[in-house]
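Everything below concerns the one structure shown next.
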Amino acid sequence: MTIQSTILKGQNEALQNEFSTPKYKPYFLKNYKGFPQIDRLTEEQIFDIEVVARVLPFRTNNYVINELIDWNNIPNDPVFILNFPQKGMLKPQHYEKMAKLVKNGADDFEINLAANQIRAELDPHPAGQMSENRPSLDGEILKGVQHKYRETMLFFPSQGQSCHAFCTFCFRWPQFTGNKEHKFAMSEIEPVIRYIQQNPGITDILFTGGDPLFMKTKLLAGYINALLDADIPNLRSIRIGSKALAYWPYRFLTDDDADDLLALFEKVVSSGRHLSLMAHFNHLVELETDAVKMAISRIRETGTQIRTQSPVMKHINDDPNVWAAMWQRQVELGAVPYYMFIARDTGAQHYFSVSLEKAWNIFRAAYQQVSGLARTVRGPVMSCHPGKVQVLGVDQVLNQKVYVLRALQNRNPDNVMRPFFAKYDAEAIWYDDLVPAFGKEKFFVEDF
Ligand SMILES: *Cc1c(COP(=O)(O)O)cnc(C)c1O
Ligand code: SF4
């Protein structure tokens with residue numbers, strides 16, 4: 001153990017006393033009955049949560065309940081809406097169908113059948129997630145891997161397919177069902193290593209999920225050590241996409257393998273590679289607790305860079321002042337604002353979506369309030385079939401009102417950073433709603 005880790009260890013013992021909270025309990029509201037806050041919900045609110053939670057993912061924990069949600073601001077509190085299923089998240093016909101079953105005491109089989117039917121209508125795999133961008137090695141499809149943009153490969157370790165709490169807007173919810181292996185499998189990372197070796201254009205591997213930091217450190221270390229040991233010259237950066245800082249900062253403080261995790265981070269950094277924690281923060285309150293501040297500071301001590309991203313969503317953060325304050329606080333804490341996304345076309349998008357024009361207005365009103373240090377952020381961005389598409393704005397060109405767009409990522413690197421134009425549509429909430437302007441047949445970003 002390095003000196004730094006020993007210091008961290010001492011800090012950790014002090015923290016143990018400060019935050020000796022019990023672990024979260026997942027899934028059903030009845031599991032949270034011990035929390036006085038939950039008892040303050042009305043019977044109707046509880047019923048709605050139970051009904052919607054049969055279809056959309058629900059899991060919260062004591063940190064979210066005790067430290068993030070303002071229970072004097074129910075039902076409008078942004079973290080409450082982020083974490084607790086709301087009636088409006090199901091379309092009325094879906095809500096009625098499920099409410100009837102629950103009210104009539106239908107059994108699990110019947111309820112799950114109906115839930116699956118509703119889910120199938122919510123397009124669980126947007127942007128060709130499961131059918132495209134699946135690379136193959138020696139004629140076989142690589143398991144748990146997506147490779148869309150030349151430089152960066154996504155890796156979904158099979159044990160990282162869950163999270164410390166679930167976001168109600170999550171587009172990855174299909175992954176949260178079903179049984180998963182909970183052991184490290186060398187057989188899972190070996191082909192990944194060979195694939196990166198055979199594709200020298202890859203500089204980054206991005207561990208994603210779910211939340212890869214939901215895994216025990218031992219499992220994560222299995223994957224990362226294998227990558228470090230392989231010493232692949234083109235692999236320069238390791239990224240970990242995680243919401244643990246927002247939902248469970250104790251992952252870096254008092255969990256029994258928190259110190260091991262930080263030691264693993266140090267090891268990556270001292271190998272000469274860049275380690276970036278792609279942290280998911282949806283609201284300023286997630287950056288305000290003592291626990292998250294301490295966790296950020298411990299992570300930074302390892303030489304890991306934290307970058308932040310979030311979608312913009314109605315009911316949660318559709319307010320430029322929230323974004324400006326969030327970016328500013330991130331800069332102060334030593335995190336780099338990275339992406340503002342537009343809510344994906346899946347799940348409860350109808351509940352969360354803001355129009356492309358509104359997303360752009362929120363982005364620029366926030367961007368105008370912060371100094372250049374926070375303007376590292378790019379947005380608003382759709383992660384869609386043709387790539388990462390940024391809405392640059394609405395303007396009048398040749399007497400036509402248009403959206404000006406550009407691809408920040410595309411399968412064809414040559415398409416990146418070339419502006420393109422779509423007809424203005426006040427209702428458009430996603431790329432698929434857009435039609436090329438000026439009589440063009442097709443957006444060129446779709447040619448790759
Ligand atoms: C967002 C994304 C990446 C990473 O893109 P960066 O711009 O490098 O952060 C990689 N692959 C896929 C499929 C993505 O959606
Ligand atoms: S943390 Fe990420 S993967 Fe987990 S529920 Fe939230 S959006 Fe989904």
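One is the number of the first residue; the rest follow in order along the sequence. Both counts, for ligands and for their atoms, begin at 1 and track the order of listing.
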TODO: Give a yes-or-no answer on whether the side chains of Tyr247 and Asp211 include a donor-acceptor pair shorter than 3.5 Å.
DONE: no

TODO: Say whether Asn72 and Arg40, considering side chains only, have a donor N or O and an acceptor N or O under 3.5 Å apart.
DONE: yes

TODO: Say whether Gly210 and ligand 2 are in contact under the criterion: heavy-atom distance to a ligand atom below 4.0 Å.
DONE: yes

Open item on the list: Does Arg239 qualify as a cation-pi partner of Phe207, given the criterion of NZ or CZ under 6.0 Å from the six-membered ring centre and within 45 degrees of its axis?
Closed with: no

Task: Ser355 side-chain N/O to Lys358 backbone N/O, donor-acceptor pair under 3.5 Å - done: yes

Task: Residues in the immediate environment of ligand 1 (any heavy atom closer than 4.0 angstrom) - done: Lys148, Tyr149, Thr152, Leu154, Arg239, Tyr338, Tyr339, Ser383, Lys388, Gln409

Open item on the list: So Thr217 and Arg251, do their side chains get closer than 4.5 Å, heavy atoms only?
Closed with: yes

Task: Glu332 bridged to Arg329 by N-O distance under 4.0 Å - done: yes

Open item on the list: With respect to atom 6 (Fe) of ligand 2, please indicate if Cys167 possesses an N, O or S atom at a distance under 2.8 Å.
Closed with: yes

Task: Enumerated ligand 2 atoms positioned under 4.0 Å from heavy atoms of Phe166 - done: 5 (S)

Task: Atoms of ligand 2, numbered as shown, that sit under 4.0 Å from any heavy atom of Cys163 - done: 1 (S), 3 (S), 4 (Fe), 5 (S)

TODO: Kindly assign one of parallel, tilted or perpendicular to the pair Tyr339 and Phe341, based on the angle between their ring planes and the thresholds 30° and 60°.
DONE: tilted

Open item on the list: Looking at non-hydrogen atoms alone, which of Lys243, His280, Arg344 comes nearest to atom 7 (S) of ligand 2?
Closed with: His280

TODO: Measure from the ring center of Phe169 to the ring center of Tyr351 and say whether it is less than 6.0 Å.
DONE: no

